[in-house]
Amino acid sequence: NVRFKVTPFFSIHDHYFCPYDGDSVDIKPNFSGLNLVSYEWKNPAGEVVSTDSELLGVNLVGTYSITVTAANGCPFTTTFEVKNYEVPIITQLVPNDNSFTVIATGSKPILYSIDGINWQTSNVFVNLPKGVTTFYVKFENEECRGLPKKGVVLDIPNVFTPNEDGINDFWTIKGLDVFEGQQSSIQVFDRQQIMVFEQKSADQFVWNGKWLGRPVPTTTYWYVITLPDGRLYKGWVVVKNRN
């Protein structure tokens, strides 16, 4: 008489997690009644990542496998997929003074937010405060958010006092890092249209109130700022310096 040992058999469905916000997924199969004595989980690279009955904190997409062995010595191997949920993608931020229009793509209705908490169907945000604003998107009735994108409404001081007293000695314009390495440029001119300051930066502008190593006279200066998104800022700044 020849009898076959009972081989454990089961399947694991595909699992999903949000691609951003540090999300992950736990794989917790129901092994009840299989009388298993060992487990071996492998990641998409074929590396053993766990020998427990559960695989926790998975945050890498791909094909995983698990090999189990029953108390009677029979092994069984199955595979399953770990995938990202689909999320909308912000393709462009269109600025207009202190307003932004968020252009995003996706297969479902999209919601928009600037705090990740309050959401709206309109992709237009008006009267934004000066400084950096983070824009978020997600599909309606879903929780996974797409990759956020930052925009900036420049906060440009209109006066500084570079008299080396340690207070307001530099004219600083921040928030240029939202352009992810692209450089912005600034030029500053005096009343005779002589350029007294010029800088290109992917981070921030900083002027110490000097030209050719010497403090500029106390007066009003005009600036032109060009951003990578095409915006042009023109205005004035008062330098209160010692003549």
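Numbers for residues simply follow the sequence, beginning at 1.
Annotation: the span from F10 atom CZ to I66 atom CD1 amounts to 5.0 Å, rounded to 0.5 Å. In this structure, CZ in R145 is found 9.5 Å from SG in C18, a value given to the nearest 0.5 Å. With rounding to the nearest 0.5 angstrom, the NZ atom of K108 is 10.0 Å from the CG atom of N141.
Taking the six-membered ring where the residue is Trp, Y223 and W171 present tilted rings, their angle falling between 30° and 60°.
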Could you go through residues 90-107 and list every donor-acceptor pair under 3.5 Å that involves a side-chain atom there, pairing it with any protein atom two or more places apart or in another chain?
residue : atom : partner : partner atom : Å
T91     : OG1  : I103    : O            : 3.2
S107    : OG   : E86     : OE1          : 3.0
S107    : OG   : E86     : OE2          : 2.7

Could you go through residues 228-239 and list every donor-acceptor pair under 3.5 Å that involves a side-chain atom there, pairing it with any protein atom two or more places apart or in another chain?
residue : atom : partner : partner atom : Å
D229    : OD1  : R231    : N            : 3.0
D229    : OD1  : R231    : NE           : 3.4
D229    : OD2  : R231    : NE           : 2.9
D229    : OD2  : R231    : NH2          : 2.8
R231    : NH1  : V152    : O            : 2.8
R231    : NH1  : Y233    : OH           : 3.3
R231    : NH2  : V152    : O            : 2.9
Y233    : OH   : L154    : N            : 3.4

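Listed by chain and residue number, nothing satisfies the salt bridge (Lys or Arg N to Asp or Glu O under 4.0 Å) test with K28 (two or more places apart in sequence, or in another chain). For D26, the salt bridge (Lys or Arg N to Asp or Glu O under 4.0 Å) criterion is met by no residue, not counting sequence neighbours. In this structure K150 satisfies the side-chain hydrogen bond (donor to acceptor under 3.5 Å, both in side chains) test with no other residue, sequence neighbours excluded. In terms of the salt bridge (Lys or Arg N to Asp or Glu O under 4.0 Å) criterion, D115 has no residue partners (sequence neighbours excluded).
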_Stepwise ring-ring contact (aromatic ring centres under 6.0 Å, His included) check, F9 with F76_ = CA-CA 7 Å; F9 179 82; F76 175 74; 5.2 Å; yes
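The minimum heavy-atom distance linking I186 with F197 is given by the pair CG2-CE2, 3.8 Å.
The environment of L60 atom CG is dense: over 12 non-hydrogen atoms of other residues, nucleotides or ligands sit within 6.0 angstrom.
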